[in-house]
Protein chains: 2
Amino acid sequence: MEPQARRAGRPPQDASRRLERAHRILDIAGDLILRWGYDKTTIDDIARRAGVAKGTIYLHWRTREELFAALLRRERVEMLSQVRLRVAEGPGTLRDLLGLLASELLRRPLMRASLLGDSKVLGKLTRLKRSSGAAADLPTGFETYLGALLRLGALRADLTPAEHVVALASVLYGFLLVPQMMPEGYALPDERLAELLADAGSRAVAAGGPVPAGNARAISRATLEFADLAVETAQRKLRASLGSEEPGKPEKSGTSGASGKSVTGPEKSATSLEENAT
Amino acid sequence: MEPQARRAGRPPQDASRRLERAHRILDIAGDLILRWGYDKTTIDDIARRAGVAKGTIYLHWRTREELFAALLRRERVEMLSQVRLRVAEGPGTLRDLLGLLASELLRRPLMRASLLGDSKVLGKLTRLKRSSGAAADLPTGFETYLGALLRLGALRADLTPAEHVVALASVLYGFLLVPQMMPEGYALPDERLAELLADAGSRAVAAGGPVPAGNARAISRATLEFADLAVETAQRKLRASLGSEEPGKPEKSGTSGASGKSVTGPEKSATSLEENAT
DNA sequence: AAATGACCAAATAATTGTATTTGGTCAAAC
DNA sequence: GTTTGACCAAATACAATTATTTGGTCATTT
């Protein structure tokens with residue numbers, strides 16, 4: 001009883017079809033949240049446009065919030081993946097990484113809204129996202145990466161690690177936020193903005209002189225490793241958000257060993273939209 | 001029987017006493033707006049704490065808005081004056097200027113709120129302030145100043161004027177905004193922040209190599225001139241806000257010739273809180 | 001004149017009640 | 001087993017009232 005193309009009835013049942021449907025739903029959700037904002041984007045709406053019944057959506061996610069968490073996570077994975085892909089083709093410097101990050105960020109309204117805490121788009125989610133430290137939702141391993149760069153002589157030694165982070169976060173934030181509220185005459189194309197950002201960010205924290213000979217390779221490697229780790233972490237979280245059969249299962253703390261106790265976060269609801277340090 | 005047997009003397013009648021009282025009122029207003037925000041700060045409150053009757057306040061300003069405009073303008077003058085004063089003691093470079101600006105900005109919550117459009121403090125004034133281009137309320141003559149620096153070889157030649165402005169505004173904005181929302185571990189003392197900001201800003205737009213020999217003096221002079229102009233402009237506006245006898249008189253467009261028609265702004269109410277380009 | 005504070009229209013907040021929408025469930029249909 | 005959509009409690013929006021506060025004025029006092 002394999003090939004039963006019975007009547008039109010139960011198309012998606014295997015995992016692959018399930019996933020496909022999940023993505024279709026997220027696509028719609030993404031469109032709607034950008035057009036109307038989180039508050040005005042209803043499950044009914046999404047279901048209708050996605051061509052499924054409301055109940056079906058709850059076959060994937062337990063709550064509305066979880067759905068949007070998945071959406072944000074997917075976007076994050078896509079962005080980081082793209083950065084990872086493109087950074088492999090360049091010199092793999094910090095400046096390179098910043099430029100790619102900016103470039104990918106600028107073309108993803110949802111990511112921008114999420115990073116900046118745009119309440120116009122995130123609605124009542126704004127609080128949740130920002131509560132967890134706003135600008136501090138650095139990708140996993142970022143500080144480790146900076147540590148490596150410092151050791152390789154690629155970072156200014158007259159700044160503490162915290163200062164490196166603050167400087168980079170400030171530049172990133174500023175360049176993402178300011179241009180939008182500038183008068184007409186100052187509008188710049190996104191690609192140019194990304195360059196300026198990368199420029200400003202790297203100049204702010206990068207070591208002055210030329211990098212110690214022979215370290216270029218190691219720097220590039222560190223960058224790649226960081227990008228890889230960031231993508232993997234994001235991917236793991238995403239999978240938990242839409243992979244499993246039962247919507248509730250995942251998110252169980254300490255699945256694949258390795259964790260221990262995250263010194264950082266205050267437990268909180270395991271299913272919240274927290275995307276920060278892990 | 002009247003309540004307080006306050007022999008309502010008539011102390012202030014000469015200009016000097018008037019001004020003194022105006023400042024006392026503004027002091028109170030400043031305290032209150034920082035403590036409760038613009039929306040919840042009432043004229044009654046201010047009057048009571050300042051030890052005057054409500055009517056007296058209207059002897060100085062025609063409306064509540066005008067009072068706060070005066071407050072903001074006064075703060076601005078104080079800040080710019082301080083910058084002017086201190087910049088004369090240093091090398092007078094762009095970096096120097098940025099550092100001082102940051103330093104003075106960081107110790108003035110009202111200025112920060114005003115610049116960043118903090119709705120928590122500015123309440124319904126937020127809109128008005130931001131409407132006029134937010135980060136674009138550059139002091140008078142800023143672009144001219146940048147032009148001079150560029151001509152003197154102190155600015156990167158591979159950026160357009162607009163790009164210089166965007167970069168500086170972004171850095172300033174970012175460094176003023178981000179540190180406040182960073183997790184505990186990343187807190188930095190204001191003075192250090194000012195340094196980092198100055199560093200990042202100048203590195204972002206300043207020319208790479210050493211400045212052409214002999215230009216240092218001219219650069220310093222340009223910086224001084226710019227600071228002077230900024231202070232003067234701010235002062236002129238302030239005087240109009242609390243100097244004259246009759247609250248209404250000033251603000252009349254085109255007082256001291258020179259104006260004509262400002263190509264920029266859409267007229268609007270002459271008494272609004274606009275502090276931008278003039 | 002200079003300053004006051006009782007006074008008032010208008011804005012703002014608090015209250016109450018009703019209508020509509022929406023997240024989430026689940027028995028029935030496939 | 002999978003999907004659906006009618007169903008419901010809870011949330012949200014809307015409307016109508018009433019209560020309170022507040023910006024601004026001005027006759028009176030000093």
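Chain A is the first sequence line, chain B the second, and so forth, proteins listed ahead of strands; every chain is numbered from 1.
Between the side chain of B:D118 and the backbone N or O of B:R112, no donor-acceptor pair lies under 3.5 Å. Put simply, the side chain of B:W36 never gets that close to the backbone of B:V121: no donor and acceptor are under 3.5 Å apart. A donor-acceptor pair under 3.5 Å is formed between the side chain of B:R24 and the backbone N or O of B:A50.
Nucleotide D:dG23 holds its P atom 17 Å from the NE2 atom of B:H60, rounded to whole Å. Rounded to whole Å, atom P of C:dG23 lies 17 Å from atom CZ of A:R62. Counting to the nearest Å, the P atom of C:dG23 and the CG atom of A:D45 are 9 Å from each other. Rounded to whole angstrom, the span from the NZ atom of B:K124 across to the C1' atom of C:dT12 amounts to 8 Å. Nucleotide C:dT22 holds its P atom 12 Å from the CD1 atom of A:I46, rounded to whole Å. As rounded to whole Å, 19 Å separates atom P of C:dT22 from atom CH2 of A:W61.
For B:R108, the CZ atom is densely surrounded, since the number of other residues' heavy atoms within 6.0 Å is greater than 12.
Across residues 27-43 of chain A, A:T41, A:T42, A:I43 each have a non-hydrogen atom less than 4.0 Å from an atom of DNA chain C (numbered order).
In this structure, B:R64 forms a cation-pi arrangement with B:Y38, its terminal cationic atom sitting closer than 6.0 Å to the ring centre and no more than 45° off the ring axis.
Taking only side-chain nitrogens and oxygens, B:R21 comes nearer than 4.0 Å to OP1 or OP2 of C:dA3.
Between the NE2 atom in A:H23 and the NE2 atom in A:H60 there is a gap of 10.5 Å [rounded to 0.5 Å].
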